[in-house]
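Worksheet: one structure, shown below.
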Number of protein chains: 2
Amino acid sequence: MDNKTKNRPQTLPDGARPTLKTIAFMTGLGITTVSRALKDAPDIGAETKERVRLVAKQIGYQPNRAGVRLRTGKTNVISLVLTLEEEIMGITSPMVVGITEILAGTPYHLVVTPYSAVKDALAPIRYILDTGAADGVIISRTEPHDPRVALLTERGLPFVTHGRTEMGIVHPYHDFDNERFAYEAVRKLVARGRRKLVLLEPPPHLTFYSHMRAGFERGLRDFQADAVSFHQTNIDHSLVEIRDAFEVLMRSEDAPDGIVSGSGSGAIALIAGLEMAKKKLTEDCDMVSKSPSDFLRWLRPEVMTMYEDIRIAGRELAKAVIGHIDGEPPETLQSLSQPEFQPPITRGLRA
Amino acid sequence: MDNKTKNRPQTLPDGARPTLKTIAFMTGLGITTVSRALKDAPDIGAETKERVRLVAKQIGYQPNRAGVRLRTGKTNVISLVLTLEEEIMGITSPMVVGITEILAGTPYHLVVTPYSAVKDALAPIRYILDTGAADGVIISRTEPHDPRVALLTERGLPFVTHGRTEMGIVHPYHDFDNERFAYEAVRKLVARGRRKLVLLEPPPHLTFYSHMRAGFERGLRDFQADAVSFHQTNIDHSLVEIRDAFEVLMRSEDAPDGIVSGSGSGAIALIAGLEMAKKKLTEDCDMVSKSPSDFLRWLRPEVMTMYEDIRIAGRELAKAVIGHIDGEPPETLQSLSQPEFQPPITRGLRA
DNA sequence: CATCGCGACTGTATCGTTACAGATTTGAAG
DNA sequence: CTTCAAATCTGTAACGATACAGTCGCGATG
């Protein structure tokens, strides 16, 4: 056999999935040529490329991920890093949906990488870095000085955060404008004549804690209302804890007449505490809540809600990681979604 | 160099992650020996194994997934196949949590594989089969004659279904006992003196439709109650549709006095419809609902709920696929979770 | 007419792992 | 002193893809 065709395959197993070798055999070309033709390399003739593409399509060729990954290190994987604990009200579902909607048009797969204890937040990141498990990472529960962001930046692995940081590192993020949410919430409550307002806030170590507080306080100043302290309780507490603490507050001298709830499930507990204190929504108290789903609007239409669309957040996050992977500058991969009050559920045909 | 050490590595890059080669170099053994030692093969000396394990642990060796996958075809991936549409009430979150809890102790990663249109249900399965993308598959929204089950069985890829089938194929599954749920729901309603019952049922093409109906009808017979037809509406319809249809029903001659809701979010819509028809829960009507989360108990404690623990379902499903992959007989990998009425939320310290 | 450059294509080595078929040593049996 | 088997260990090839360094033929150049 002459040298020219020395590496050509002689026989091909027939049930197996096609590889570059299959196409090489069918076109009479070398494996390298086929590989380069499919990547549209400049040193391959136009007609050859066309032939290769045609055959590849015909036989349904799809590159073997393990082969690519072994040779190039490219995993075609995006890793979504989650705390098992943050799943209380199920924000993950729509997030996963949003992400996969974007990934569907790409070669990327979505791998969910969980971690349990809060102190282990770095563990999954290290795992991904050490094993090269992903091309990009999506993290949430972002902190102002987030060690995960520091580590990922240092090691040069593309990522995006759900929430912002404050460390002077420019990186991709998507965030809900919690400052504005709280500000508009205060505006709304004051417009209803409420003046003693309370905020159910995020835990202080997360970045959006300060955003939400800042918006709340700016609102208090601009619209001349007063704050009632509820600092000992936050949205990471159990619903029972929130309820009981709020009942106590509502029975006290200091009882607020307006509530801003930083979470939808927290709102449920607040309502329960309020009712246990024998108060009534819209009469003794008004409430504005952030809400990632519909149930509050259905079951407690008295509560004014601002919808946080987690699904869209998922989309934005996915687009941003991919952009980062593709080398787009981080500052172009930042987005903030604006809160808007939701209209009430329509009361059907007969109004 | 003598033949014995011909394939030994001379130098080793230092920043890189350790491979078998690294361990081979450090122990002075051959790569093959190291590989076999780590798998506890019988032809490797006990002391050698010990040394290899020690070094491997010290340097934090973790097998390269791409290498293993390329060589053996083993992906160490479990694929969760989801409809984007089923995410309405976010059942995915706790499910993902449950699955990852089990996978955490294994080498498996969880990949989420979505599909959009209902007619495309087979597409992700084919993709996984064709590309060898996973060692095992988890599917939901199971139908009595499910083409996905047929295909996976035929091609011999391990899987588990959330829900049962009726095709004479013995396969792993986990299911909620919807027959019993509906039966117990009817018992409860009749015990409260309700006799005209309605069922908000699953869409007819899913297997648990017939389970739930069967339990409902058995209950009607055993406890002597009557059914009110609501067949044109099911839990896959939009909340607005359910509400409007139910309002019409509640205003009709045929208005039921007892409701069995096959879904938690459906219950919300039913309540809305009922209230629009100027009826009141516990007065005109009682209601039992399946509920995958807590909000109904908090916001509508009048509704009697049976909790479907999706997180546990996730765990069971994960265990079952892995069992199937490990070759355990399918009939040992089937489980049914029993519904139980939930106690009301405790009313706090001062009850 | 030799030489060069260029366009089009190709072989080899390699990523990390494992299946397979040896190879070497040791001690016991003949 | 062979011979052989058992116990350990080892090299080679291969999985599928790609980086790299060619090769080949051909027309233009000096």
Side-chain angles (χ1 to χ4, degrees), chain A residues 1-13 16-25 27-52 56 61-76 107 131-133, chain B residues 1-10 12-13 16-25 27-52 56 59 61-76 107 131-133:
Chain A
M1 194 190 319
D2 62 343
N3 195 57
K4 176 163 183 179
T5 54
K6 198 160 57 179
N7 78 333
R8 304 297 168 73
Q10 256 51 65
T11 59
L12 245 22
R17 70 182 278 211
T19 68
L20 289 180
K21 207 158 148 183
T22 319
I23 303 177
F25 180 70
T27 54
L29 295 163
I31 295 177
T32 303
T33 310
V34 174
S35 172
R36 299 188 53 65
L38 288 172
K39 328 195 104 52
D40 203 20
D43 62 349
I44 305 294
E47 194 209 305
T48 304
K49 283 183 192 170
E50 207 40 65
R51 262 175 61 222
V52 170
Y61 169 75
Q62 293 195 262
N64 179 305
R65 311 188 118 230
V68 175
R69 179 164 172 177
L70 182 57
R71 182 67 239 250
T72 65
K74 172 110 189 170
T75 62
N76 285 304
T131 64
Chain B
M1 193 191 320
D2 61 344
N3 195 57
K4 177 163 182 178
T5 54
K6 199 162 51 180
N7 79 331
R8 303 299 168 70
Q10 256 52 65
L12 245 22
R17 71 181 275 211
T19 68
L20 290 179
K21 207 170 177 171
T22 318
I23 303 178
F25 180 70
T27 55
L29 294 164
I31 295 175
T32 303
T33 310
V34 174
S35 171
R36 299 189 52 67
L38 288 172
K39 331 194 100 55
D40 203 20
D43 63 350
I44 304 293
E47 195 209 305
T48 304
K49 284 182 190 170
E50 206 42 63
R51 264 177 59 223
V52 170
I59 64 178
Y61 169 74
Q62 294 194 262
N64 179 305
R65 310 188 116 231
V68 175
R69 179 164 173 177
L70 182 56
R71 183 65 241 248
T72 65
K74 172 112 190 170
T75 62
N76 285 304
T131 64

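Reminder, nothing fancy here: chain letters follow the sequence lines and each chain counts from 1. Side chains are part of it too, since the values below use all heavy atoms of this structure and drop only hydrogens, waters and symmetry mates. Because the structure is predicted, anything quoted here is derived from the model rather than measured.
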Kindly indicate whether the side chain of A:T19, heavy atoms from C-beta on, has any atom under 4.5 Å from the side chain of A:T22.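 Touching, per the 4.5 Å side-chain cut-off.
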Can you find a heavy atom in the side chain of A:N76 that is under 4.5 Å from one in the side chain of A:R69?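 The answer is no; the side chains never approach within 4.5 Å.
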Nucleotide [N], atom [atom2] - distance to [atom1] of [X] in whole Å:
X     : N      : atom1 : atom2 : answer
B:R17 : C:dG16 : CZ    : P     : 8 Å
A:L20 : D:dC15 : CG    : C1'   : 13 Å
A:R69 : D:dC15 : CZ    : C1'   : 16 Å
A:R36 : D:dG22 : CZ    : P     : 16 Å
A:L70 : C:dT17 : CG    : C1'   : 8 Å
A:N64 : D:dT18 : CG    : C1'   : 13 Å
A:Y61 : D:dT18 : OH    : C1'   : 10 Å

Is there a donor and acceptor pair, one atom on the side chain of B:R71 and one on the base of C:dT17, closer than 3.5 Å?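 Looking at the base of C:dT17, it does not pair with any donor or acceptor on the side chain of B:R71 (distance under 3.5 Å).
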Provide a list of protein-nucleic acid N or O atom pairs under 3.5 angstrom, restricted to nucleotides 26-28 of chain C.
none

Under 4.0 Å between a side-chain N or O of [X] and OP1 or OP2 of [N]?
X     : N      : value
A:S35 : D:dT18 : yes
A:T32 : D:dT18 : no
A:T48 : C:dA8  : no

For a quick test of reading the model, state the closest non-hydrogen atom pair linking [X] to [Y] and the distance between them.
X     : Y     : result
A:G30 : A:A24 : C-CB, 4.1 Å
A:R51 : A:T27 : NH2-O, 2.6 Å
B:L38 : B:A56 : CD2-CB, 4.0 Å

[atom1]-[atom2] distance between [X] and [Y], expressed to the nearest 0.5 angstrom:
X     : Y     : atom1 : atom2 : result
B:T33 : B:L20 : OG1   : CG    : 10.5 Å
B:T48 : B:D43 : OG1   : CG    : 10.5 Å
B:S35 : B:L29 : OG    : CG    : 12.0 Å

Considering only [options], which nucleotide approaches the side chain of [X] most closely?
X     : options                : answer
B:T72 : C:dT18, C:dG16, C:dT17 : C:dT18
B:I31 : D:dT10, C:dT10, C:dT18 : C:dT18
B:T19 : C:dT17, D:dC15, D:dA17 : C:dT17
A:K21 : D:dC15, C:dT17, C:dG11 : D:dC15

Listed by chain and number, what are the side-chain contact (heavy atoms from CB on, under 4.5 Å) partners of [X], not counting sequence neighbours?
X     : result
B:Q62 : A:Y127, A:T131, B:R17
A:L70 : B:N64, B:A66, B:L70
A:T72 : A:V68, A:K74

Under 3.5 Å: donor-acceptor pair, side chain of A:K49, backbone of A:P42: no
Quick one: on DNA chain D, does B:K49 or B:G67 contact a more 5' nucleotide (nearest heavy atom)? B:K49
If you take any heavy atom closer than 4.0 Å to DNA chain D, which residues from residues 38-47 of chain A end up in contact? A:K39
Find the bend of the helix from C:dC1-D:dG30 to C:dG30-D:dC1 as the angle between its two terminal axes (five pairs each), to the nearest 10°. 80°
